[in-house]
Amino acid sequence: MGIALTLALIAALAGWAWKLSRKAKLERALREVPGGSVESAIEISSFNEVDEHLSRRRCICGGGLESKGERSERRDPRVLRVVRAECRLCDRRQLIFFDVSRVYH
Ligand SMILES: [Zn+2]
C-alpha cells in the first residue's frame with residue numbers, strides 16, 4: 001500500500017513536471033516569434049496593421065486569433081500597443097507587441 005501510493009505520487013509529480021516544462025517551452029517559443037515580447041515588438045506605421053497582422057497570425061495549434069483587447073504601453077523611447085489575443089480553437093491566450101512609435105511621429 002505504501003509503495004503503491006508512493007509510486008502513484010511520483011507518477012503524478014512526474015506528469016505535472018512534464019506538463020510544466022512543456023508549457024514553459026511553448027511559452028518561450030511564443031515569446032521568440034516576432035511580436036511575442038517587448039524586445040521583438042513588430043514595427044508598424046498605422047493601427048490598421050494590427051488587425052491585418054492578427055488576421056494573418058496563427059496560434060501554434062493552427063487556429064486563428066481574435067483580439068480580446070488592446071492597451072498602449074510607454075517604454076521610452078518607444079510606444080507599444082499590446083494586443084491580448086485568444087485562439088479561436090484552443091483558447092490559448094497570448095500577448096502580441098507592436099511598436100507604434102512611428103504612428104505618433
Ligand atoms: Zn490555438
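Numbering of ligands and ligand atoms starts at 1, following listing order.
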Original post:
Less than 4.5 Å apart, any side-chain heavy atom of I42 and any of F97?
Top reply: no
Subject >> Point-to-point distance, once rounded to the nearest 0.5 Å, from CG of L54 to CD of E49 >> reply: 13.0 Å
Original post:
What are the protein N, O or S atoms, given as residue plus atom name, that sit under 2.8 Å from the Zn ion (ligand 1)?
Top reply: C59 SG, C61 SG, C87 SG, C90 SG
**OP:** Start with the C-alpha distance between S72 and R81, add both sets of side-chain angles, then the distance that settles side-chain hydrogen bond (donor to acceptor under 3.5 Å, both in side chains), and finish with yes or no.
**Re:** CA-CA 5 Å; S72 291; R81 190 83 175 157; 2.7 Å; yes
Original post:
If every non-hydrogen atom of L80 is compared with every non-hydrogen atom of V100, which pair is closest and at what distance?
Top reply: C-CG2, 4.1 Å
**OP:** Verify, without hydrogens or angle tests, whether R78 (side chain) and V38 (backbone) share a donor-acceptor contact under 3.5 angstrom.
**Re:** yes
**OP:** Verify the neighbour count for atom CZ of R102: are there more than 12 heavy atoms of other residues, nucleotides or ligands below 6.0 Å?
**Re:** yes
